[in-house]
Amino acid sequence: MEYTLKNEYLNGLMQKVIEKNPSEPEFYQAVHEFLTSVEQIVDIHPELIDKKVLERIVEPERTVMFRVAWVDDKGEIQVNRGYRIQFNSAIGPYKGGIRLHPSVNLGILKFLGFEQIFKNSLTGLAMGGAKGGSDFDPKGKSDNEVMSFCQSFMRELYRHIGPDCDVPAGDIGTGAREIGYMFGQYKKITNEFTGVLTGKKLSFGGSLARTEATGYGLCYFTNCMLKKKGTSFEGKTVVISGAGNVAIYACEKAQQLGAKVVALCDSTGYIHDPDGIKLDVVKDIKEVRRARISEYVKAVPSATYKDGCSGIWTIPCDIALPCATQNELNLESAKTLVANGVKFVAEGANMPSTPDAIAYFQENGVFFAPGKASNAGGVATSGLEMAQNSQRLSWTFEEVDAKLKGIMENIFKNADETATAIGHEDNLVMGANIAGLLRVSDAMIAQGVI
Ligand code: NDP
Ligand code: 2IT
């Protein structure tokens with residue numbers, strides 16, 4: 001892929017990013033998409049160049065990399081690498097998830113941390129951008145091994161985070177179990193019970209609706225897109241990739257709003273249930289037993305299972321919600337989806353669609369939403385968890401859910417109006433990047449050269 005831009009200055013900046021960050025293709029992809037949007041406004045916002053906002057924003061404020069040694073159930077020592085990228089704190093303490101997956105590397109976490117800056121800005125809350133993680137694979141590990149890893153990970157991370165400094169949370173491979181072990185270790189070392197992590201269990205400071213928030217928020221956002229086009233979820237056929245936290249609760253809310261969700265997948269394959277996914281079966285497989293999605297057909301014999309993930313995009317649908325991982329939906333899949341009549345694509349995962357897939361959607365009348373806008377409900381509700389922790393209060397499910405819905409509707413309005421204002425109506429990629437950036441750039445300039 002060539003990462004060029006028409007604007008000479010922005011093109012030079014892009015080439016500098018490539019030179020300074022060797023072998024980080026996902027980071028280049030995220031920066032390139034961002035600069036392509038910024039290209040639309042550099043003339044009317046000369047401060048972005050004069051004050052070197054763009055040069056500064058592509059450079060993380062701090063990157064921590066560390067050894068994570070732990071002992072497995074056989075008594076053998078294992079060594080993983082841990083990371084925390086504290087990308088930007090202009091509008092609030094660093095905030096973002098922790099990914100535990102064997103594919104994790106510096107470039108992937110930098111793309112995630114970079115996008116988190118604009119996502120968090122769009123929520124309207126006071127949160128800067130960060131991301132962390134490790135190449136540790138929780139799959140197939142015992143609870144004891146996961147605890148051993150999480151404790152070792154936190155033995156180093158604790159010195160870099162804090163409730164007013166950096167507040168990590170879940171992401172791929174990190175759910176309530178991992179957050180619990182990390183929280184316990186942080187508390188043990190610091191002797192402080194604070195809201196230093198979000199996504200905690202309810203018994204020690206977690207927020208109601210945080211588990212559901214990313215998936216529900218994605219559907220609230222998609223609902224705004226549907227509404228703009230004079231329609232709704234009612235009676236629509238939906239395909240959702242993934243079968244993790246985001247996918248499960250996107251499925252739940254889409255069903256509540258009257259849609260029929262016909263497919264889900266995990267990294268081994270996908271299930272197709274033309275009668276509509278039975279979510280209680282999926283929750284039992286994924287949340288209780290931590291098993292493979294292929295188990296679904298044992299409980300629902302009328303459904304089918306196929307190996308491989310990309311086949312899920314060959315299933316005809318009106319709405320596609322990619323909720324698994326980056327670059328899972330490529331140009332070929334985009335063409336198949338369009339040929340089969342898809343009209344709306346909203347990203348639950350971070351950067352799941354390749355750039356050529358996004359361009360294809362936009363050129364073929366598909367209303368497309370980028371993850372940094374449509375999946376912001378998770379981190380927004382993390383922000384609400386932080387607020388509750390600071391007050392030492394818990395809000396009801398209904399209160400949190402209503403705030404989440406309001407935030408998602410605001411994000412849609414902001415991204416949509418920004419896109420229209422620059423002459424690119426319905427281009428939510430541009431709208432989200434620019435609306436997210438302007439708040440951060442205003443704060444960065446006001447705070448001087450730091
Ligand atoms: P989970 O770990 O709960 O689930 C991830 C799902 O995606 C699993 O079904 C997993 O399958 C599948 N998956 C992961 N990696 C791959 C891969 N390389 N190829 C194919 N399938 C894969 O994670 P989440 O649901 O929390 O996260 C999903 C996406 O949503 C990520 O992009 C994440 O960054 C993003 N996100 C998450 C938020 C949150 O609050 N949790 C908030 C905003 C965005 P398997 O089990 O087989 O690995
Ligand atoms: O990508 C994301 O926004 C998340 N994984 C959630 C981060 C958070 O701090 O809740």
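Judged by distance alone, the side chain of Asn389 and the main-chain N or O of Gly205 form a donor-acceptor pair under 3.5 Å. A donor-acceptor contact shorter than 3.5 Å links the side chain of Asp135 to the backbone of Arg81. In terms of modelled atom types and a separation under 3.5 Å, the side chain of Glu178 and the main chain of Gly175 share a donor-acceptor contact. Asp401 places no side-chain N or O within donor-acceptor distance of the main-chain N or O of Phe397, the cut-off being under 3.5 Å. Although no hydrogens or angles enter the test, the distance criterion places a donor-acceptor pair under 3.5 Å between the side chain of Lys236 and the main chain of Ser232. Checked by atom type and distance alone, the side chain of Ser241 pairs as donor or acceptor with a backbone atom of Cys323 at under 3.5 Å.
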Side-chain donor-acceptor pairs under 3.5 Å in residues 312-322, sequence neighbours left out?
unit_1: Trp313; atom_1: NE1; unit_2: Glu328; atom_2: O; d: 3.4
unit_1: Thr314; atom_1: OG1; unit_2: Gly311; atom_2: O; d: 2.6
unit_1: Asp318; atom_1: OD2; unit_2: Thr237; atom_2: N; d: 2.7

Residues 98-125, side-chain donor-acceptor partners within the protein, below 3.5 Å, at least two apart:
unit_1: Arg99; atom_1: NE; unit_2: Asp171; atom_2: OD2; d: 2.7
unit_1: Arg99; atom_1: NH1; unit_2: Gln326; atom_2: OE1; d: 2.9
unit_1: Arg99; atom_1: NH2; unit_2: Asp171; atom_2: OD2; d: 3.2
unit_1: His101; atom_1: ND1; unit_2: Ser103; atom_2: N; d: 3.2
unit_1: His101; atom_1: ND1; unit_2: Ser103; atom_2: OG; d: 2.8
unit_1: Asn105; atom_1: OD1; unit_2: Gly107; atom_2: N; d: 3.1
unit_1: Asn105; atom_1: OD1; unit_2: Ile108; atom_2: N; d: 2.9
unit_1: Lys110; atom_1: NZ; unit_2: Asn21; atom_2: OD1; d: 2.6
unit_1: Lys110; atom_1: NZ; unit_2: Glu24; atom_2: OE1; d: 2.9
unit_1: Lys110; atom_1: NZ; unit_2: Glu24; atom_2: OE2; d: 3.4
unit_1: Glu115; atom_1: OE2; unit_2: Lys372; atom_2: NZ; d: 3.2
unit_1: Gln116; atom_1: NE2; unit_2: Asn120; atom_2: OD1; d: 3.1
unit_1: Lys119; atom_1: NZ; unit_2: Asn350; atom_2: OD1; d: 2.9
unit_1: Lys119; atom_1: NZ; unit_2: Asn375; atom_2: OD1; d: 2.8
unit_1: Asn120; atom_1: ND2; unit_2: Lys95; atom_2: O; d: 3.1
unit_1: Asn120; atom_1: ND2; unit_2: Gly128; atom_2: O; d: 2.7
unit_1: Ser121; atom_1: OG; unit_2: Gly436; atom_2: O; d: 2.8
unit_1: Thr123; atom_1: OG1; unit_2: Asn120; atom_2: O; d: 2.6
unit_1: Thr123; atom_1: OG1; unit_2: Leu125; atom_2: N; d: 3.1

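Remark: Ala443 pairs with Ala90, Ile91, Gln447 by the side-chain contact (heavy atoms from CB on, under 4.5 Å) rule, at least two apart or across chains. Here Tyr28 pairs with nothing under the side-chain hydrogen bond (donor to acceptor under 3.5 Å, both in side chains) rule; sequence neighbours left out. Contacts of Met147 classified as side-chain contact (heavy atoms from CB on, under 4.5 Å), with partners at least two apart in sequence or in another chain: Asn144, Gln151, Tyr181. Applying the side-chain contact (heavy atoms from CB on, under 4.5 Å) criterion to Ser148, with sequence neighbours excluded, gives Trp70.
A cation-pi arrangement is not found for Lys227 relative to Phe412, the charged atom failing to lie both closer than 6.0 Å to the ring centre and inside a 45° cone about the ring normal. Judged by the 6.0 Å and 45° rule, Lys141 forms no cation-pi pair with Phe149. Note that Lys187 lies outside the cation-pi zone of Phe193, set by a 6.0 Å cut-off to the ring centre and a 45° limit from the axis.
Looking at Glu347 and Ser353, their side chains do bring a donor and an acceptor atom within 3.5 Å of each other. For the residue pair Tyr305 and Glu295, no side-chain donor N or O sits within less than 3.5 Å of a side-chain acceptor on the partner.
Salt bridge annotation for Glu156-Arg84: absent, with no cationic side-chain nitrogen under 4.0 angstrom from a carboxylate oxygen. With respect to Asp284 and Lys278, no salt bridge is recorded, no charged nitrogen being found less than 4.0 Å from a carboxylate O. Comment: Lys413 engages Glu417 in a salt bridge, judged by a side-chain N to carboxylate O separation of less than 4.0 angstrom. Lys405 has a carboxylate O that lies under 4.0 Å from a charged side-chain N of Glu409, or vice versa, which qualifies the two as a salt bridge.
Residue Lys298 qualifies as open at atom NZ: its count of foreign heavy atoms under 6.0 Å is 12 or below. In the displayed structure, Lys228 atom NZ is contacted under 6.0 Å by more than 12 heavy atoms of other residues, nucleotides or ligands. Shown here is Arg439, whose CZ atom has more than 12 heavy atoms of other residues, nucleotides or ligands within 6.0 Å.
Applying the salt bridge (Lys or Arg N to Asp or Glu O under 4.0 Å) test between Glu385 and each of Lys403, Lys200, Lys201 identifies Lys200 as the sole match.
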